[in-house]
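Note sheet for the following structure.
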Amino acid sequence: MDEILNLSINEMPQTEFDCSCGKHHNFSVHDMSIRKGAIEDLPKMAEPFKDGKILVVFDNHTYKVAGKRAVELLKENGFNVKELLFDTGDDILIPDEKTLGRIVQEQDLDTSLMVAVGSGVINDSVKFVTSRSGLPYIIVATAPSMDGYVADGAPIFSQGYKYSPVAHLTYGLVGDTDILKTAPQDLIQAGYGDVVGKITAIADWDLAVKANNDYRCNTCVTLVNRALDKCFAKAEGLKDRDPESLGALLEALTLTGVAMALVNISRPASGAEHMLSHFWEMDYIARGLNPNHHGIQVGVATPIIARFFEELADILPEGTGALCPPHEEIEALLAKGGAPTSPKDIGISKELFHDSLLKGYTVRPRYSIMQFAKDNGRLEEIADKITEEIYG
């Protein structure tokens with residue numbers, strides 16, 4: 001029982017076990033290679049699909065760091081390769097109707113596999129399209145920037161609204177630490193911010209169990225907490241792109257993805273801090289602006305949500321408050337890894353910030369500390385207080 005806790009990360013694919021939570025878990029990712037030089041494993045990972053066409057998807061940034069080499073390796077090993085380049089210039093790619101539709105257009109009838117070369121948007125877009133067309137995909141990670149590489153959710157935009165439909169798990173993950181260390185510093189900060197967000201996500205999950213009778217798997221909580229401990233212990237090296245620190249960061253992001261895949265929900269990795277990030281992101285895009293990286297927003301939202309736990313400590317269920325450290329401690333963790341610590345640092349206006357505290361709970365139909373505050377008649381009072389303390 002709970003055998004997955006005794007496995008290394010590269011041993012976890014295709015694991016099935018009876019869990020102490022009462023469920024039978026199945027982690028159906030076929031293969032993962034996280035190591036120095038892992039991109040060389042791509043042809044072997046893709047071998048079962050060699051009879052068809054391989055559609056390789058990248059943007060102008062990820063092509064340079066990994067897409068070119070991925071295509072070369074596949075062609076050298078006899079694969080029939082088609083390339084899809086999203087040239088965004090200095091803008092960011094949005095996982096919206098235009099992006100998803102373009103991938104569908106480029107998927108020929110004899111396509112047997114897609115290879116996504118990138119991080120958040122490329123991964124989520126290819127994941128969503130392949131889940132609807134019934135094709136497998138492999139992700140070649142180019143940055144330790146988010147936790148969705150081996151999760152089954154695919155955050156996308158539809159008519160300006162961001163939501164996270166269930167998609168499917170990747171067939172394989174290639175995480176080459178030689179590639180990851182070339183990632184821009186802001187993407188490393190984003191990945192680290194996403195990891196820090198698991199602190200309040202776990203506390204939020206506990207609250208949902210006790211106040212809303214939600215399901216929880218303690219094996220997944222243990223998996224996430226172990227990954228956080230290892231990542232935080234090496235966080236200082238992220239500023240200097242230390243390979244061990246980057247490896248621990250990607251491992252933490254991947255293990256939280258494993259936890260999400262095991263329970264088929266994003267609860268192990270996503271709580272109210274993600275709701276604030278999604279709220280800010282939707283606002284920026286609605287105004288025609290490029291939003292901050294998702295993980296950077298999650299990071300600065302985490303001490304904000306910790307403040308909610310502090311303000312509601314007098315009425316929280318027993319034991320829940322102890323799971324969430326003081327907001328000052330979380331801010332210190334963010335600073336240790338070189339990530340922003342305040343919404344003011346990333347340009348969130350006072351008006352948007354206050355609005356998000358009042359309405360962020362509506363972004364997802366999920367019980368959270370913000371919903372708890374509303375249910376107990378204290379949401380506006382707390383929103384006003386936190387906004388005043390931060391913005392004056």
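The structure displayed is predicted, hence computed values, not measured ones. These values consider heavy atoms only, across backbone and side chains, with no hydrogens, waters or symmetry-generated copies.
Heavy atoms only, all atoms of each residue included: Leu253 and Pro144 are closest at CD1-O, 3.3 Å. Closest heavy-atom contact between His293 and Ala190: CB-CB, 3.8 Å. Taking every heavy atom of both residues into account, His25 and Cys19 meet most closely at CD2-CB, 3.3 Å. Looking at every heavy atom in both residues, Val140 comes nearest to Ala66 through CG1-CB, 4.3 Å. Across all their heavy atoms, Ala143 and Tyr149 have their closest contact at O-OH, 2.6 Å. Minimum interatomic distance between Val300 and Ile346 (heavy atoms only, all atoms of both residues): CG2-CD1, 3.5 Å.
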**OP:** In sequence, state the C-alpha distance, the side-chain angles, and the governing distance for Arg267 and Asp214, and then conclude on salt bridge (charged side-chain N to carboxylate O under 4.0 Å, His left out).
**Re:** CA-CA 10 Å; Arg267 267 294 187 189; Asp214 282 18; 3.6 Å; yes

**OP:** Verify side chain to side chain contact (heavy atoms under 4.5 Å, CB included) between Gln14 and Phe27, making sure each step is shown before the conclusion.
**Re:** CA-CA 5 Å; Gln14 302 184 75; Phe27 182 55; over 6 Å; no

Subject >> Check against side chain to side chain contact (heavy atoms under 4.5 Å, CB included), Tyr192 and Phe232 >> reply: CA-CA 9 Å; Tyr192 184 63; Phe232 294 154; 3.7 Å; yes

Original post:
Hey, mind stepping through Asp59 and Thr62 against side chain to side chain donor-acceptor pair (under 3.5 Å) and telling me if it holds?
Top reply: CA-CA 5 Å; Asp59 64 22; Thr62 63; 3.2 Å; yes

**OP:** Applying side chain to side chain donor-acceptor pair (under 3.5 Å), run through Ser270 and Arg364 and close with a yes or a no.
**Re:** CA-CA 11 Å; Ser270 173; Arg364 284 184 178 176; 2.8 Å; yes

Original post:
Are Asp242 and Lys234 close enough, and set up right, to give a salt bridge (charged side-chain N to carboxylate O under 4.0 Å, His left out), and what steps lead you there?
Top reply: CA-CA 9 Å; Asp242 172 65; Lys234 298 180 179 295; over 6 Å; no

Subject >> Worked verdict on Val115 versus Ile54 for side chain to side chain contact (heavy atoms under 4.5 Å, CB included) >> reply: CA-CA 7 Å; Val115 175; Ile54 312 298; 3.7 Å; yes

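The salt bridge (Lys or Arg N to Asp or Glu O under 4.0 Å) test applied to Lys36 returns Asp178, not counting sequence neighbours. The ring-ring contact (aromatic ring centres under 6.0 Å, His included) test applied to Phe86 returns no partner, not counting sequence neighbours. Evaluation of the side-chain contact (heavy atoms from CB on, under 4.5 Å) rule for Asp345 yields Pro340, Thr341, Ser342 as partners, not counting sequence neighbours. For Phe49, the ring-ring contact (aromatic ring centres under 6.0 Å, His included) test picks out Tyr171, with sequence neighbours left out. In this structure, the side-chain contact (heavy atoms from CB on, under 4.5 Å) partners of Val81, at least two apart in sequence or on a different chain, are Val56, Val71, Leu74, Lys75, Phe79, Glu83.
Put simply, the side chain of Arg35 does not reach to within 4.5 Å of the side chain of Asp176, judged on heavy atoms. Inter-residue side-chain proximity for Tyr391 and Glu388 is flagged as unmet; no heavy-atom pair is nearer than 4.5 Å. At a threshold of 4.5 Å between non-hydrogen side-chain atoms, the residues Lys344 and Ile390 count as touching. For the pair Arg102/Gln107, no side-chain contact is recorded, criterion being any heavy-atom separation below 4.5 Å from C-beta on. Looking only at side-chain heavy atoms (C-beta outward), Arg132 and Pro165 come within less than 4.5 Å of each other. Looking at heavy atoms from C-beta onward, Leu180 lies in side-chain contact with Leu250 at the 4.5 angstrom threshold. Proximity of Gln189 to Ser145: side-chain heavy atoms (C-beta onward) are nowhere separated by under 4.5 Å. Side-chain atoms of Lys181 and Thr177, non-hydrogen and from C-beta on, never get closer than 4.5 Å to each other.
For the pair Thr111 (side chain) and Leu113 (backbone), a donor-acceptor distance under 3.5 Å is absent. In terms of modelled atom types and a separation under 3.5 Å, the side chain of Asp96 and the main chain of Lys98 share a donor-acceptor contact. Using modelled atom types, one side-chain atom of Asn123 and one backbone atom of Gly148 make a donor-acceptor pair closer than 3.5 Å. Not a single donor-acceptor pair under 3.5 Å links the side chain of Ser125 to the backbone N or O of Ile122. Side chain of Asp87 to main chain of Gly89: a donor-acceptor pair is present (N/O by atom type, distance under 3.5 Å, no hydrogens or angles). Remark: the backbone N or O of Ala151 is paired with a side-chain donor or acceptor of Lys127 at under 3.5 angstrom. The main-chain N or O of Ile94 is found under 3.5 Å from a side-chain atom of Thr99 such that the two form a donor-acceptor pair. Panel note: side chain Arg366, backbone Ala272; no donor-acceptor pair is recorded below 3.5 Å.
Salt bridge annotation for Asp18-Lys23: absent, with no cationic side-chain nitrogen under 4.0 angstrom from a carboxylate oxygen. The pair Lys230-Glu244 does not meet the salt-bridge criterion, since no charged nitrogen lies less than 4.0 angstrom from a carboxylate oxygen. Taking a cutoff of 4.0 Å between a charged side-chain nitrogen and a carboxylate oxygen, Glu389 and Arg307 qualify as a salt bridge. Using a cutoff of 4.0 Å between basic side-chain nitrogens and carboxylate oxygens, Asp31 and Lys44 are not scored as salt-bridged.
A side-chain N or O of Asn60 and one of Thr88 form a donor-acceptor pair less than 3.5 Å apart. No hydrogens or angles considered: nothing links the side chains of Gln371 and Ser368 as a donor-acceptor pair under 3.5 Å. For the residue pair Thr302 and Glu273, no side-chain donor N or O sits within less than 3.5 Å of a side-chain acceptor on the partner.
For the atom pair SG of Cys220 and CG of Asn225, the computed distance is 11.5 Å after rounding to the nearest 0.5 Å. Between the OG1 atom of Thr254 and the CG atom of Asn10 there is a distance of 9.0 Å, given to the nearest 0.5 Å. Separation of atoms CD1 (Ile9) and CG (Leu255) is listed at 4.0 Å; rounding is to 0.5 Å. In this structure, the separation between CD1 on Ile305 and CD1 on Ile369 is 8.0 Å, given to the nearest 0.5 Å. Separating the OG atom in Ser119 from the CG atom in Asp124 is a distance of 9.0 Å, to the nearest 0.5 Å. Considering CD of Glu97 and OG of Ser158, their distance stands at 4.5 Å, rounded to 0.5 Å.
Of the options Asp147, Asp204, Asp229, a salt bridge (charged side-chain N to carboxylate O under 4.0 Å, His left out) to Lys198 is made by Asp147 and by none of the others.
Ring pair Phe58/Tyr63 is tilted by interplanar angle, where 30° to 60° counts as tilted. Note on ring orientation: taking the six-membered ring where Trp is involved, the planes of Phe372 and Tyr367 are perpendicular (angle over 60°, cut-offs 30° and 60°).
Other residues, nucleotides and ligands contribute more than 12 heavy atoms inside 6.0 Å of the NZ atom of Lys336.
Sorted by first and then second residue, the side chain to side chain donor-acceptor pair (under 3.5 Å) pairs involving residues 310-320 (not counting sequence neighbours) are Asp206-Thr320, Glu310-His327, Glu311-Lys385, Asp314-Arg378.
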